[in-house]
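The next block holds one structure in the form of structure tokens; read it before the comments.
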2 protein chains.
Amino acid sequence: MEYKKTDKAPPQGAQAALRALRLLKLFTPEQPELQLAEVSGRAGLNKTTTHRLLQALHSESMLDRNASNGAYRLGPALMALGVQALSSNDLRLRARPLLKRLAEDSGETATLEVPIDDTMLILDEVTGSHFVGAAGNVGTRWPIHATSTGKALIAFDELGVDRLSEQLASLTSRTITNRRHLEDQIREIRRRGFAETVDELEDGFSGVAAVVRGGTGQVLGALSICGPTQRLSKVRRASLGATLCTAAERLQPRY
Amino acid sequence: MEYKKTDKAPPQGAQAALRALRLLKLFTPEQPELQLAEVSGRAGLNKTTTHRLLQALHSESMLDRNASNGAYRLGPALMALGVQALSSNDLRLRARPLLKRLAEDSGETATLEVPIDDTMLILDEVTGSHFVGAAGNVGTRWPIHATSTGKALIAFDELGVDRLSEQLASLTSRTITNRRHLEDQIREIRRRGFAETVDELEDGFSGVAAVVRGGTGQVLGALSICGPTQRLSKVRRASLGATLCTAAERLQPRY
DNA sequence: CATCTGCTACCATAATATGGAACTTGAGAG
DNA sequence: CTCTCAAGTTCCATATTATGGTAGCAGATG
């Protein structure tokens, strides 16, 4: 059984545990309920093995079952852990006042995002004063290559483009799906310090982002400001980019 | 497809997976960060084994590490899964309008709770019109024996008092810590259909609850109305109890 | 500088997970 | 009403995989 490309660490001797955890990730917002056969198919595991792992997950309340058809879905234990994870995340706590400030000054929505697998997860969000704009997306995830935060991340962190999935999914006509093209952009991002997306994630939606670093300089995630493309001209994006870089630096602990 | 008495089936052949999942539950709001040694101690596992499992959890982003001291804490993957679990829970969706109604009519806070291990998890909450009252507790958990919802649950579900932990923790001077005493109350609850707590969870805080059942009659969780003891006299509790029973029944799917 | 504590790597052992085959149940068709 | 099929569950011999002792490291502490 070969492990996928090294996402983080290549752990050995925990196959069963890893498999169980990966099963959880098969439950997406698009496919919130899965039957045994579907799970086993997607995971590429034997039906028996899958069944055993699902049972374990179920017995710990990580999964729930639909009483009528026996399908599995994410369970209450995850809700509890998720909420707790959010509230015990100190980056999030420290970033909160900054996000507020950014949203207030710009009038747009400000977010804090961190990488997870090949996506960016919205850790926190403060909506701007405009009515039109992103809202209520904490916990959702977007492909790295189609977000400003994601591009900032791969431009500056150690893993770089290795974080990307094999195929770069196309979400709009302007999404970058060509690796070469993306790498050009990354060089540009490194040069000026911030990243931007224009209509690449969603039509009419743009964003600017800068990476957030930890005490030892390691990249933890990214801050962004985003809103309707109409309001985010090239000039304005540049100005917001600079603001974000300053804000992100202020977030880095100094020893 | 009937899974009877052993709600928490004892799955075999998934030891490693189970252990990994249990490790996650060691991270409580009181102890959001744990070092390897602490985890291994609390879990009663060998240090090496624990280390391997933690690595696996970390590699899947279920755990994060504090860069300065290497301590583990709940990670971003759980935030994503948690939010998703909340949004894909149909009981929660269906209960929402009812909770609103209950909160509006009573002026107090209404909650939907489900059991997990030996606690009740607040799945959803609508705060009442009064300023004083519970708020912002979705995702938190309380001991079964000290909550109205918990007592309703063990009075009506199959597992019953088996859900309780060995020792009944004392949270206030009025918390029930004597099993005999608790069983008397349970009989009373069965008789009248709803449960109540008065100053048992927190001084000056009371609640009333009724169980919610699924399509086949199995107990899924409980609805409650709670607020300051001052406002919840015995008479009022009885009236709210009846209201809750009706509301809970309306939530049960009919085939 | 010496010592300690807590984390990680190594590796032989046996306990544990694995998956094939068989059984059960429920649904749908004939 | 019976037959067939699909999906879930149980059983069990096998060897793969997890286990935990010991040892090595690195960063904190005195």
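A quick note: this is a predicted structure, and the numbers were derived from the prediction, not measured. Each chain gets a letter, A, B and so on, in the order its sequence line appears, and its residues count up from 1.
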* Asked: So with a 6.0 Å cut-off around CZ of Arg213(B), is the heavy-atom count from everything else above 12?
  -> yes
* **Which residues share a side chain to side chain contact (heavy atoms under 4.5 Å, CB included) with Thr149(B), sequence neighbours left out** => Glu113(B), Met120(B), Thr147(B), Ala209(B), Ala222(B), Ser224(B)
* To do: Examine distances only and state if a side-chain atom of Thr175(A) and a backbone atom of Leu171(A) form a donor-acceptor pair shorter than 3.5 Å.
  => yes
* To do: Return the angle between end axes of the helix from dC1(C)-dG30(D) to dG30(C)-dC1(D), with five pairs used per end and rounding to 10°.
  => 40°
* Asked: Between Leu54(A) and Leu23(A), is any pair of side-chain heavy atoms under 4.5 Å apart?
  -> yes
* Asked: Taking only residues at least two apart or on different chains, which pairs with a member in residues 31-41 of chain A satisfy salt bridge (Lys or Arg N to Asp or Glu O under 4.0 Å)?
  -> Glu33(A)-Arg73(A)
* Let me know the distance between CG of Asn46(A) and P of dA13(D), rounded to the nearest Å. => 18 Å
* For Arg190(B), check salt bridge (Lys or Arg N to Asp or Glu O under 4.0 Å) against everything at least two apart and list the hits. => none
Pairs: protein N or O with nucleotides 3-9 of chain C N or O, under 3.5 Å:
unit_1: dC7(C); atom_1: OP1; unit_2: Leu36(B); atom_2: N; d: 3.1
unit_1: dC7(C); atom_1: OP2; unit_2: Ala37(B); atom_2: N; d: 3.1
unit_1: dT8(C); atom_1: OP1; unit_2: Arg65(B); atom_2: NH1; d: 3.1
unit_1: dT8(C); atom_1: OP2; unit_2: His51(B); atom_2: NE2; d: 2.9
unit_1: dT8(C); atom_1: O5'; unit_2: His51(B); atom_2: NE2; d: 3.2
unit_1: dA9(C); atom_1: N6; unit_2: Thr48(B); atom_2: OG1; d: 3.4

* Under 3.5 Å donor-acceptor, His145(A) side chain and Ser165(A) backbone -> no
Return the polar atom pairs (N/O with N/O) between nucleotides 12-17 of chain C and the protein under 3.5 Å, or none.
unit_1: dT16(C); atom_1: OP1; unit_2: Gln15(B); atom_2: NE2; d: 3.1
unit_1: dA17(C); atom_1: OP1; unit_2: Gln15(B); atom_2: N; d: 2.3
unit_1: dA17(C); atom_1: OP1; unit_2: Ala16(B); atom_2: N; d: 2.9
unit_1: dA17(C); atom_1: OP2; unit_2: Gly13(B); atom_2: N; d: 3.4
unit_1: dA17(C); atom_1: OP2; unit_2: Ala14(B); atom_2: N; d: 3.2
unit_1: dA17(C); atom_1: OP2; unit_2: Gln15(B); atom_2: N; d: 3.4
unit_1: dA17(C); atom_1: O5'; unit_2: Gly13(B); atom_2: O; d: 3.4

* State whether the side chain of Arg94(A) and the backbone N or O of Gln252(A) hold a donor-acceptor pair below 3.5 Å, judged by distance alone. => no
* Rounded distance (Å) that lies between atom P of dT19(D) and atom CG of Leu23(B) -> 10 Å
* Between Asn89(B) and Arg92(B), is there a donor-acceptor pair closer than 3.5 Å when you use the side chain of the first and the backbone of the second? -> yes
* Taking every non-hydrogen atom, the tightest pair across Val138(A) and Leu123(A) -> CG1-O, 3.6 Å
